[in-house]
Chemist: 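One structure, pasted below without further comment.
Both backbone and side-chain heavy atoms feed into the values below; hydrogens, waters and symmetry mates do not.
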Amino acid sequence: MSDSRNIMNTVMQSKNDVFVAAGVIVTIAMMLIPLPTWMLDTFQAFNLMLALLIVLLVLFTRHTTDFSVFPTLLLVFTVFNLALNVSSTRLILAHGPDFDGQLIRAFSRFVVGTAGPEGLVIGFIIFIILIAVQYIVITKGATRVAEVAARFTLDGMVQKQMSIDAELASGALTEEEAMAKRKRLQKELDFYSTMDGASKFVSGNVKIGILVIFINIIGGMIVGMVYRNETFGSALANYISLTIGDGLVCQFPMLLVSTATGIIVTRSISDGTFASDITNQFSQVTLIYWIAAVFLLIMALLPGFPALVLIPMALLTGFTGYRISRKKIAADAIQMAEKREEKQKEESAFEIPGIEPLDPLSLELGYGLIPLVDKEKGADLLERITRIRKETAAELGLIVPKIRVRDNMKLEPSEYCFKIKGVEIGKALIRLSHYLAIDSGGIEDPIAGEKTVDPAFGLPAIWINEKDRERAEQAGYLVVDPPSIIATHLTGIIKKHAAEILGRQEVKSIIDSFSDKYSAITDEIKKGLSTGEIQKVLQNLLKEQVSIRNMVAILETLVDFSSLSKDITFLTEKARQALGRQICLQYADEDKKLNVVTINPALETKIIESKVDTVDGYVAVLDREFLSLFMNTITNLFMGFRDYNKTIVILTSEESRILVRKSIERELPGIAVISAKELTEDIKIDVLGEINFEFQNT
């Protein structure tokens with residue numbers, strides 16, 4: 001059934017493509033082939049109908065990019081309109097007074113009105129005014145707006161993309177939502193760039209229409225007086241009348257399309273239809289209707305003003321304000337009732353407990369930041385925290401416990417802090433009514449502001465007002481609001497302290513969640529290892545930013561090797577090797593190439609020989625001079641690659657990997673260390689250098 005439906009859709013699409021192609025060819029042919037008048041009337045009526053449909057479609061479109069075919073349609077419509085103009089000009093000059101195009105004659109009679117020279121003069125003046133309005137006001141304005149919209153859309157492209165990345169990093173957006181916003185942003189850029197050029201078609205069509213008017217009049221006068229022996233007055237009356245009708249039939253649809261062009265490029269900030277925007281925005285303030293009603297009544301009382309018109313209008317305006325105010329009161333009452341009901345059903349996310357337990361992770365706020373968690377005022381920080389927990393579970397495989405949010409009177413009013421099991425791990429001050437403009441490098445035109453530091457990444461930043469936000473984005477700053485600052489800081493803290501957050505209860509929950517589908521693994525793992533031992537292996541992985549999402553592979557590896565040894569370091573290394581492809585791809589580039597530096601074999605042997613077994617696992621006990629040279633060599637080597645713009649890791653043997661990692665983790669926590677046994681066949685290796693220095697082997 002689905003296959004037959006797909007075939008029908010394909011056939012219908014093919015027919016539509018053929019129909020459109022035939023229409024374009026006929027349009028071009030109309031400029032060369034004379035048309036009978038009945039066919040000209042048909043095409044002109046179709047032209048008028050199409051213009052009306054375009055205007056209505058623009059009015060009912062919610063997003064400008066939903067009508068992405070508009071620029072191309074504008075070109076096709078302009079060509080079709082010009083073809084009709086050429087065809088009608090040919091028939092008017094060929095038949096003169098005998099021209100029987102009904103639509104052109106009807107428009108001419110409607111505008112000219114009375115017969116005689118007076119009607120022709122009035123009709124011609126009205127016609128010229130319509131042309132002037134279309135060209136000077138509508139078409140020129142729409143063209144200018146399209147140019148400005150295209151330029152500013154292009155200028156703000158980078159800042160908008162960075163804003164999406166910041167929202168994704170803070171948990172405000174999921175991966176799918178961020179991808180959808182990026183696609184919409186690109187579509188918006190393509191639309192306005194195309195509209196910038198397409199609007200010139202409308203402007204050019206109006207100019208040609210004005211030229212055709214004079215050609216019709218002058219050409220008609222010459223043909224009528226020279227070849228048909230008409231008098232000057234008769235030829236003037238005939239061809240001015242027909243020119244007015246022809247111009248209106250061709251230019252009136254273009255007037256509608258010009259209006260549609262102006263509407264669609266000026267509604268870039270709207271998310272609703274034109275009618276819904278009018279209704280919503282004209283009903284925000286009811287006081288304006290009462291002021292307008294009083295003003296109209298005062299005008300009605302003045303001598304000479306039409307009271308019969310102004311008084312009913314004043315009453316209608318006042319009644320409109322009354323109806324809107326009643327609707328707002330009713331809507332506010334319903335909203336308040338819904339909020340009270342929701343508040344009764346839900347547990348309060350913000351509470352001040354008397355005796356506080358040591359929560360796995362908590363967020364404490366100064367009293368000045370309480371509005372950030374007030375749902376009744378539209379705050380979304382709590383929703384962002386929920387999304388961050390979900391994103392962390394998907395990315396790291398870590399089930400983050402519920403994050404308790406509460407106030408702390410000991411903090412500064414604009415201060416917040418994060419705690420893990422009651423111990424503070426992150427604190428910062430934020431300006432609630434300001435934005436944080438982060439200097440990520442390359443700022444050529446810095447702006448003034450209160451200097452500070454981004455709490456999440458430690459980058460230099462400034463606090464700015466709302467009015468400076470757009471200017472900061474154009475200058476290249478990454479601008480974020482206070483909720484995003486806290487959300488981004490929370491994301492960084494969870495990733496950095498994931499091992500501390502993972503408790504035995506969370507490990508038990510993870511293993512229990514696999515019991516239904518992988519009962520064989522969970523039964524064996526429970527016999528071979530305790531929950532605490534599994535927890536330590538998982539914590540070791542998380543300390544080095546290794547995702548434990550592939551829990552099946554980790555548990556299978558622990559089952560396989562726990563019979564050989566229950567040493568946590570040994571089991572951790574085997575788990576890393578089972579996740580080798582995942583770890584390599586985490587640091588590899590798009591071509592699956594891993595950029596590494598190696599360690600001189602003599603140095604590596606020295607490190608392995610210094611291995612000592614401690615309560616916390618194996619460590620390398622190195623003398624101070626050797627360790628200092630080792631750290632300085634690594635630092636200088638990696639400083640030389642700072643412009644390489646790619647992730648570089650240290651590649652070691654299996655025996656020395658954990659020793660090297662523990663030796664550098666305090667001073668150089670951001671450098672990853674992987675072993676040769678973690679490499680997979682599909683990963684390419686690019687050795688960029690070697691860690692080597694002279695030392696005395698004692």
Side-chain angles (χ1 to χ4, degrees), residues 169 361 392 395-398 400 418-421 423-428 440-441 453-460 488-502 536-548 568-569 572-573 575-576 579 582-588 594-599 603-604 607 610-611 614 616-622 624 626-642 644-652 656-675 678 688-689 691:
L361 182 59
T392 304
E395 182 179 350
L396 290 178
L398 173 65
V400 180
F418 291 104
K419 291 183 178 181
I420 292 181
K421 298 175 183 177
V423 179
E424 180 184 307
I425 54 170
K427 179 189 287 188
S440 56
V453 176
D454 169 42
F457 304 106
L459 297 174
T488 305
H489 197 180
L490 173 60
T491 302
I493 282 177
I494 290 176
K495 290 183 178 180
K496 184 178 180 180
H497 300 275
E500 300 176 52
I501 297 172
L502 182 69
K536 291 177 181 178
V537 173
L538 298 179
Q539 285 179 328
N540 286 342
L541 294 173
L542 290 173
K543 283 179 183 177
E544 297 191 56
Q545 299 297 304
V546 176
S547 172
I548 58 173
I568 300 301
T569 301
T572 301
E573 292 304 303
R576 285 182 60 93
L579 301 174
Q582 169 192 312
I583 295 173
C584 290
L585 291 177
Q586 181 177 344
Y587 301 109
L594 193 63
N595 303 285
V596 305
V597 294
T598 59
I599 301 179
L603 295 181
E604 199 166 8
I607 294 172
S610 67
K611 180 174 69 173
T614 67
D616 296 326
Y618 294 110
V619 296
V621 181
L622 301 167
R624 184 175 299 177
F626 182 93
L627 184 60
S628 177
L629 287 172
F630 187 56
M631 297 298 297
N632 289 336
T633 302
I634 296 175
T635 302
N636 294 333
L637 184 61
F638 275 79
M639 284 293 291
F641 295 129
R642 62 180 180 273
Y644 194 62
N645 200 25
K646 289 185 179 180
T647 303
I648 303 173
V649 301
I650 298 176
L651 180 63
T652 68
S656 66
R657 195 208 71 83
I658 188 63
L659 302 175
V660 173
R661 172 61 190 171
K662 287 189 175 181
S663 298
I664 69 171
E665 65 181 352
R666 181 178 294 275
E667 299 295 331
L668 303 171
I671 298 178
V673 183
I674 66 174
S675 73
E678 294 169 18
L688 303 179
I691 302 171

Chemist: Between the side chains of E395 and K495, is the shortest nitrogen-to-carboxylate-oxygen separation below 4.0 Å, so that they form an ion pair?
Modeler: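 Yes.
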Chemist: Any side-chain to backbone donor/acceptor pair from E604 onto S656? Under 3.5 Å, distance only.
Modeler: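 No: the side chain of E604 does not pair with the backbone of S656.
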Chemist: Kindly give the heavy-atom pair with the smallest separation between A575 and V537, and that separation in Å.
Modeler: CB-CG1, 4.4 Å
Chemist: Please report the interatomic distance CG(L603) to CG(L622), rounded to the nearest 0.5 Å.
Modeler: 10.0 Å
Chemist: So, does R661 use its side chain to make a donor-acceptor pair with the main chain of I674 at under 3.5 Å?
Modeler: no
Chemist: Hey, is E665 close enough to K543 for a salt bridge, meaning N to O under 4.0 Å?
Modeler: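 Between K543 and E665 there is no salt bridge, as every charged N stays at least 4.0 Å from the carboxylate O atoms.
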Chemist: Classify the ring geometry between F626 and F630 as parallel (under 30°), tilted (30 to 60°) or perpendicular (over 60°).
Modeler: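 The rings of F626 and F630 lie parallel, inter-plane angle below 30°.
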Chemist: So, the side chain of Q539 versus the backbone of L502: is there a donor-acceptor pair under 3.5 Å, distance only?
Modeler: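 Between the backbone of L502 and the side chain of Q539 there is a qualifying donor-acceptor contact (under 3.5 Å).
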Chemist: With side chains defined as the heavy atoms from C-beta onward, is the minimum distance between V597 and F641 less than 4.5 Å?
Modeler: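 Heavy-atom side-chain distance check passes, below 4.5 Å.
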Chemist: Within this structure, what is the CD1-CD1 distance for the pair I420 and I501, rounded to the nearest 0.5 Å?
Modeler: 4.5 Å
Chemist: From L651 CG over to E678 CD, what is the distance, rounded to the nearest 0.5 angstrom?
Modeler: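 L651 CG to E678 CD: 9.0 Å, rounded to 0.5 Å.
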Chemist: Can you tell me if T635 uses its side chain to pair, donor with acceptor, with the backbone of M631 under 3.5 Å?
Modeler: yes
Chemist: Identify the two heavy atoms, one from G397 and one from S547, that lie closest to each other, and give their separation to 0.1 Å.
Modeler: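 Minimum heavy-atom separation between G397 and S547: N-OG, 4.0 Å.
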Chemist: Working note: L659 + T652, criterion side-chain contact (heavy atoms from CB on, under 4.5 Å); need CA distance, chi angles, decisive distance, verdict.
Modeler: CA-CA 10 Å; L659 302 175; T652 68; over 6 Å; no
Chemist: Just wondering, do Q582 and V546 contact through their side chains at under 4.5 Å, heavy atoms?
Modeler: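 Touching, per the 4.5 Å side-chain cut-off.
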Chemist: Please check if the side chain of Q586 supplies one atom and the backbone of Q545 the other of a donor-acceptor pair under 3.5 Å.
Modeler: yes
Chemist: Looking only at non-hydrogen atoms, find the nearest pair between L398 and A498 and report the distance.
Modeler: CD2-CB, 3.7 Å
Chemist: Got a second to check how far T569's OG1 is from N540's CG, nearest 0.5 Å?
Modeler: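 So the gap between those two atoms works out to 6.5 Å.
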Chemist: How long is the gap from CG on L538 to CD1 on I568, to the nearest 0.5 Å?
Modeler: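 Those atoms lie 10.0 Å apart.
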Chemist: Pair I634, I650 - check side-chain contact (heavy atoms from CB on, under 4.5 Å), show working.
Modeler: CA-CA 9 Å; I634 296 175; I650 298 176; 4.3 Å; yes
Chemist: Is the shortest side-chain heavy-atom distance between L688 and L637 below 4.5 Å?
Modeler: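 In short, these two side chains do not touch, never coming nearer than 4.5 Å.
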Chemist: What is the distance from atom OG1 of T392 to atom CD1 of I494, rounded to the nearest 0.5 Å?
Modeler: 4.5 Å
Chemist: So, does K662 use its side chain to make a donor-acceptor pair with the main chain of Y618 at under 3.5 Å?
Modeler: yes
Chemist: Could you walk me through whether F457 and T488 pass the side-chain contact (heavy atoms from CB on, under 4.5 Å) test, one step at a time?
Modeler: CA-CA 9 Å; F457 304 106; T488 305; 3.7 Å; yes
